[in-house]
Amino acid sequence: MKNRLSRIIKPKDGRTVMLAVDHGYFMGPTTGLEKLDEIVKPLIPYADTLMLTRGALRNYIDPTTDIPIVLRVSGGTSIIGKELLHEGIVASIEDAIRLNVSGIAFSILVGADFERDTILGLTQCIDEAERYGIPVLAVTAVGKDMAKDARYLSLASRMAAELGAHMVKTYFCKDFEKVIETCPVPIVIAGGKKQPEKDALQMAYDALQAGAVGVDMGRNIFQSSNPVGMIKAVRAIVHESATPKEALEIFNSTKQ
Ligand code: 5RP
């Protein structure tokens, strides 16, 4: 377990840049990921971990690629369905082992009518993954009409940790320290919808300052006008304690 966790969160500084490209499991050919292999390949040297589905891993990533994998194992509903994020287990632990992953990820939707299903799915995954020393990243998904505030996100994050998750992925919010302080396992932030690079870098910086161990960022990297520049800038914030201004300079000075 510790060995795998160390592949995800780098022991040198206890931080991580996770590149999230798992969106296809409920969004299909997400803007920027239509040709997943082409966009991801130049980003891999700057990512500590790649988060994706087993189908993306099999079809788009060369098996000789040297990068730890966090496998998305929850799914079951689509962006156009009636119950967004009512997810269950969509990949077995045996397949995760066969794919040689360093961790698995499962989304819970606390506060939804079907929250119980997603929470029981998470705990089943944790029980199965613990048997093989595989860490589980709980993704605190947020429904369309739900508030992304510290009260809600600390509730969902703490619940995930109490239920046995080894890491939590959540959204950045005002008073984010409260989310960090009340969660006993490492937290990474999701990037969320694409925003101007300057704002996304500021968000990553603020999250790290508040105590997050890193980012698990997708759209703000692969939908950027300069994805390599953006991941390099994010990496500088996470691993080199760069300021948002320094990171933006890295973004601007990186050739497309
Ligand atoms: C949904 C997810 C996404 O699939 C994805 O990983 C989020 O990344 P980003 O918001 O940075 O695009 O976790 O809950």
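Order of listing sets the numbers, starting from 1, for every ligand and every atom in it. Numbers here simply count residues along the sequence, with the first being 1.
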Trainee: Counting only nitrogen or oxygen atoms and a 3.5 angstrom limit, does Arg219 reach ligand 1?
Mentor: yes
Trainee: In terms of side-chain geometry, is the basic nitrogen of Glu87 or Arg72 positioned less than 4.0 Å from the acidic oxygen of its partner?
Mentor: yes
Trainee: Mark up the atoms of ligand 1 that fall under 4.0 Å of a heavy atom belonging to Gly192, in ascending order.
Mentor: 9 (P), 10 (O), 11 (O), 12 (O)
Trainee: Which of the numbered atoms in ligand 1 are below 4.0 angstrom from a heavy atom of Val139?
Mentor: 13 (O), 14 (O)
Trainee: Considering the heavy atoms of Asp22, write down every atom of ligand 1 situated less than 4.0 Å from one of them.
Mentor: 3 (C), 4 (O), 5 (C), 6 (O)
Trainee: Any side-chain donor-acceptor pair under 3.5 Å between Thr64 and Asp62?
Mentor: yes
Trainee: State whether the shortest distance between N or O atoms of Ala20 and N or O atoms of ligand 1 falls below 3.5 angstrom.
Mentor: no
Trainee: Give a yes-or-no answer on whether the side chains of His86 and Glu115 include a donor-acceptor pair shorter than 3.5 Å.
Mentor: no
Trainee: Go through ligand 1 atom by atom and flag the ones less than 4.0 Å from a non-hydrogen atom of Gly191.
Mentor: 9 (P), 10 (O), 11 (O)
Trainee: Under 4.0 Å from a heavy atom of Lys169: which atoms of ligand 1 are those, numbered in the order shown and with their elements?
Mentor: 5 (C), 6 (O), 7 (C), 8 (O), 13 (O)
Trainee: Provide the closest heavy-atom pair for Arg7 versus Pro68 in the form atom of the first, atom of the second, distance.
Mentor: O-CG, 3.4 Å
Trainee: Consider only side-chain heavy atoms of I, L, V, M, F, W and Y, link residues closer than 4.5 Å, and tell whether Ile67 and Met167 are in one cluster.
Mentor: no
Trainee: Val213 and Val238: which non-hydrogen atoms are nearest, and at how many Å?
Mentor: O-CG1, 4.4 Å
Trainee: Identify the protein heavy atom lying closest to atom 8 (O) of ligand 1, giving its residue, its atom name and the separation to 0.1 Å.
Mentor: His23 NE2, 3.4 Å
Trainee: Any idea which heavy atoms bring Pro29 and Glu34 closest together, and the distance?
Mentor: O-CG, 4.3 Å
Trainee: Can you tell me the protein heavy atom closest to atom 1 (C) of ligand 1 and the distance?
Mentor: Arg72 NH2, 4.0 Å
Trainee: With atoms numbered from 1 as shown, which atoms in ligand 1 lie under 4.0 angstrom from a non-hydrogen atom of Met217?
Mentor: 11 (O)
